[in-house]
Visitor: 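I have a structure I would like to understand better, so I am pasting it below and will then ask my questions one at a time.
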Amino acid sequence: MMAADQTVDGVPPSLSAKVVGSFAYLTVRDRLPTILTKVIDTIHRNKNKFFEEYGEEGIQAEKQTIGLLSKMRNELQTDKPVLALTDTLQDAEYWNQYLQKQQKLQGDEESVSWFKSPWLYVECYMYRRVQEALWLNPPISDYDVFNEGKTQSFFESQQAMMALCTYLEGINKNMEDLSKNQLLEHFNKLLQVSLWGNKCDLSISAGQDNSQKTSPIDSLNSLQPFILVNDSNMVWSTLISAQRPGQSEKTTAVRVDIVLDNAGFELFTDLVLADFLVSSGLAHEVHFHGKSIPWFVSDVTANDFQWTIQQTMAANHKWMSKNGVQWKSHLKEGVWFYHDHRFWTQPHEFCDMAMDAPDLYATLQGADLLLFKGDLNYRKLTGDRDWDYTVGFSTALQGFGPAPLCSLRTLKANVQVGLQPGQGEKLGSQDPDWMTSGKYAVIQFYGSKSEQKD
Ligand SMILES: O=P(O)(O)OC[C@@]1(O)O[C@H](CO)[C@@H](O)[C@@H]1O
Ligand SMILES: [Mn+2]
């Protein structure tokens with residue numbers, strides 16, 4: 001792990017709330033406390049439910065959890081030192097070692113704290129402390145404080161989901177007759193639908209609804225100018241070159257891994273893309289990677305994943321329910337797989353994965369293509385560091401590259417690399433919050449080491 005606040009060997013410092021007025025600063029000062037307040041309100045609103053389910057113990061658990069969360073909110077708002085975790089969750093020790101490493105990096109003159117330490121660390125730490133508060137109160141330990149927002153996002157995007165399923169049915173029905181160009185056209189559309197599905201994240205909106213209201217296919221053309229880097233052609237050629245006429249399906253199975261981001265509409269767009277990858281024969285296996293605990297308000301957990309497929313099966317829409325049945329079968333038949341390694345809910349930059357989670361790194365090396373969804377994954381791919389806009393994506397990855405990878409990300413944090421000279425400055429003059437509004441996006445690809453472009 002690199003030193004947090006200095007440029008070493010060309011690697012710039014980590015983004016941090018110590019830069020007053022920066023997006024990190026505004027997030028830690030304003031948005032994180034807002035999210036915590038909503039979590040506290042959600043728990044309080046469910047007090048009767050806890051009483052009905054757990055009696056007096058449920059009331060106690062509600063009270064104590066709120067107490068712990070309020071204490072953390074105060075620590076955050078008054079920039080108190082970051083505290084070691086005290087729960088017995090499997091990775092508590094891991095987090096505490098990471099805290100010690102942060103302390104060493106910062107030196108002893110100042111404590112590891114919310115406004116002084118790397119933004120990526122303190123923001124991830126907050127969500128892990130929410131989990132600690134629940135974990136320390138067993139009757140409600142597995143309560144997902146973000147569940148209401150995630151299910152609401154799903155229910156409020158029904159029109160868009162039905163439109164997508166109708167579009168997918170149209171493709172699947174004529175799959176054999178499609179030319180390669182038609183296949184490519186559908187691929188590009190569904191890749192971009194998955195890309196823009198990332199706008200629907202509840203962390204940036206601090207929990208405010210931002211479900212998808214309109215048909216996602218119809219709006220693609222108007223959204224083209226907002227894609228700042230578009231390496232779709234590299235993604236396509238990676239998939240095409242992975243097609244190997246082999247003796248048996250298993251030995252030549254083309255595998256795509258999707259590192260998921262948000263539940264609700266975004267997850268639905270990812271499932272539609274994965275369905276197309278399999279039904280077109282571009283891939284034979286799709287591995288989904290979700291989060292092992294509730295994370296960044298709307299990120300996908302195993303419950304969300306299963307619930308979404310269940311809801312799709314039960315939909316009162318012919319093509320939607322047909323898709324749900326197909327997706328359930330993909331999971332049952334070993335065509336689709338769901339994983340949730342704990343590394344995805346730790347604060348690491350991805351360049352640390354090979355060292356800190358070699359098992360996960362080895363798993364990802366088995367893929368022909370990795371799709372990383374969303375902004376937080378982009379921040380981790382690039383180390384959440386203050387890179388110049390024109391630095392190459394491969395440089396910012398700092399050696400991370402288990403397989404050819406592509407980030408599908410709408411910009412919601414002020415880290416962006418791989419732009420053309422002047423592109424970032426021009427955007428800044430036209431649109432001051434271009435890096436954080438979610439209005440712009442990238443489809444940014446990095447091949448294996450041999451294909452390093454810059
Ligand atoms: O990863 P996602 O869901 O696309 O976005 C996560 C996010 O909303 O949370 C952080 C700010 O609080 C930023 O990384 C980003 O704005
Ligand atoms: Mn997210």
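Predicted model, so just to flag it, every value in this text is computed and none were measured. Numbering of ligands and ligand atoms starts at 1, following listing order.
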Visitor: Would you mind finding which of Ile35, Leu260, Leu376 brings a heavy atom closest to atom 1 (O) of ligand 1?
Guide: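 Residue with the shortest heavy-atom distance to the ligand atom: Leu376.
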Visitor: Within Asp375, is some N, O or S atom less than 2.8 Å away from the Mn ion (ligand 2)?
Guide: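 No, outside the cut-off.
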Visitor: Only N/O/S atoms count here: what is the atom of Asp299 closest to the Mn ion (ligand 2) called?
Guide: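 This residue's closest N, O or S atom turns out to be OD1.
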Visitor: Is the Trp196 to Phe226 ring centre distance short of 6.0 Å?
Guide: no
Visitor: Side chains of Tyr94 and His348: does their closest heavy-atom pair fall under 4.5 Å?
Guide: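 SC-SC contact between Tyr94 and His348 confirmed.
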Visitor: Of all the atoms in ligand 1, which lie at a distance below 4.0 Å from a heavy atom belonging to Asn198?
Guide: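 Checking each atom against Asn198, I get 4 (O).
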Visitor: Could you see which bit of Asp375 sits under 4.0 Å from ligand 1, with heavy atoms only: side chain, backbone, both or neither?
Guide: both
Visitor: If you look at Asp261, which of its N/O/S atoms is nearest to the Mn ion (ligand 2)?
Guide: OD1
Visitor: Do ligand 1 and Gly374 have nitrogen or oxygen atoms that lie under 3.5 Å from each other?
Guide: no
Visitor: Can you tell which of Asn303, Asp304, Thr42 makes a side-chain contact (heavy atoms from CB on, under 4.5 Å) with Asn147?
Guide: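 Among the candidates, only Asp304 passes.
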Visitor: For ligand 1, is any non-hydrogen atom under 4.0 Å from Arg379's backbone (N, CA, C, O), its side chain (CB onward), both, or neither?
Guide: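 Just the side chain.
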Visitor: Return the orientation label for the Phe23 and Trp119 ring planes: parallel under 30°, perpendicular over 60°, tilted otherwise.
Guide: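 Ring orientation, 0 to 90° scale: perpendicular.
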Visitor: Ring centres under 6.0 Å, that's the criterion: do Trp295 and Phe146 meet it?
Guide: no
Visitor: Do the ring centers of Phe155 and Trp307 come within less than 6.0 Å of each other?
Guide: yes
Visitor: Under 4.0 Å from any heavy atom of Lys412, which atoms of ligand 1 are there?
Guide: 2 (P), 3 (O), 4 (O), 5 (O), 15 (C), 16 (O)
Visitor: Taking 2.8 Å as the cut-off, does an N/O/S atom of Ser298 lie below it from the Mn ion (ligand 2)?
Guide: no
Visitor: Establish, yes or no, whether a centroid distance under 6.0 Å links the rings of Tyr378 and Phe372.
Guide: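 No, ring centres 6.0 Å or more apart.
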Visitor: What part of Lys373, side chain, backbone, both or neither, has a heavy atom within less than 4.0 angstrom of ligand 1?
Guide: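 Neither part.
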Visitor: Side chain, backbone, both or neither: which part of Thr27 comes within less than 4.0 Å of ligand 1 when only heavy atoms are counted?
Guide: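 The answer is the side chain.
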Visitor: So that I know where these two stand, are Trp327 and Phe305 an aromatic pair - ring centroids less than 6.0 Å apart?
Guide: no
Visitor: Hey, does Trp119 come in under 3.5 Å of ligand 1, counting only N/O atoms on both sides?
Guide: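 The answer is no, given that Trp119 and ligand 1 share no N or O pair closer than 3.5 Å.
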Visitor: Just checking His341 against His289, ring centres under 6.0 Å apart?
Guide: no
